[in-house]
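These numbers come from a predicted model, not from an experiment. By convention here, the first residue in the shown sequence is residue 1.
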Amino acid sequence: MKFRKTIGSATPTLVYFYATWCVPCKLLRPLVDEVVGELGEVINSIEVDVEIKKGIVKRYKIKGVPTLILFKSGTPLWRHTGVMPVEDIRIAIKEHL
């Protein structure tokens, strides 16, 4: 499975949990895309639609969207639910590189 393999990587992986009907998700997406674009050489990224990947949602106890989780070698290092400024996303990820 691509999800497990990617979050299990030694390269940090930012997972973006979203729903198509979620307005805050639509606000956060361009910010996530911007950070991933800047750091794309040193991080992986995956998007998970919570309506489709219910098993993953349950496993990681996603209670609200949007939620960001940064994994490294399968371990969650950082997590945030809700919209946040792009600079805060950058700082949180860089702390774990």
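- Hydrophobic cluster membership is shared by Val36 and Ile93, with clusters built from Ile, Leu, Val, Met, Phe, Trp and Tyr side chains linked at under 4.5 angstrom.
- Connection of Ile43 to Leu31 is established within a shared hydrophobic cluster, with ILVMFWY side chains joined at heavy-atom distances below 4.5 Å, either directly or through further cluster members.
- Looking at Thr6 and Val15, their side chains never come closer than 4.5 Å, going by heavy atoms from C-beta outward.
- At a threshold of 4.5 Å between non-hydrogen side-chain atoms, the residues Tyr60 and Ile7 count as touching.
- Listed by chain and number, the residues in a side chain to side chain contact (heavy atoms under 4.5 Å, CB included) with Glu34 are Glu38, Val86, Arg90 (sequence neighbours excluded).
- The hydrophobic clustering, which links ILVMFWY residues whose side-chain heavy atoms are closer than 4.5 Å, places Leu28 and Val50 apart.
- With sequence neighbours left out, Phe17 forms a ring-ring contact (aromatic ring centres under 6.0 Å, His included) with no residue at all.
- Applying the side chain to side chain contact (heavy atoms under 4.5 Å, CB included) criterion to Ile52, with sequence neighbours excluded, gives Asp49.
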Give the table of side-chain donor-acceptor pairs shorter than 3.5 Å for residues 68-75, with sequence neighbours excluded, one pair per line with atom names and distance.
none

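- Applying the ring-ring contact (aromatic ring centres under 6.0 Å, His included) test to every pair with at least one member in residues 77-97, sequence neighbours left out, gives no pairs at all.
- By the side chain to side chain contact (heavy atoms under 4.5 Å, CB included) test, Ser9 pairs with Thr11, Asn44, sequence neighbours left out.
- A heavy-atom distance below 4.5 Å is not found between the side chains of Lys53 and Phe3.
- Side-chain contact between Trp21 and Val65: present, with at least one pair of heavy atoms (C-beta onward) separated by less than 4.5 Å.
- Taking each heavy atom of Pro66 and Cys25 in turn, the nearest pair found is N-SG, 3.6 Å.
- Applying the salt bridge (Lys or Arg N to Asp or Glu O under 4.0 Å) rule to pairs touching residues 21-32 yields Arg29-Glu47, sequence neighbours excluded.
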Arg79 and Ile62: CA distance, side-chain angles, deciding distance, side-chain contact (heavy atoms from CB on, under 4.5 Å) verdict: CA-CA 10 Å; Arg79 177 181 184 129; Ile62 305 302; 3.4 Å; yes

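- Residues satisfying the side chain to side chain donor-acceptor pair (under 3.5 Å) criterion with Thr67, sequence neighbours excluded, are Thr81.
- No continuous path of ILVMFWY side-chain contacts below 4.5 Å connects Leu77 to Met84, so the two sit in separate hydrophobic clusters.
- Between Leu97 and Pro12, some side-chain heavy-atom pair lies under the 4.5 Å cut-off.
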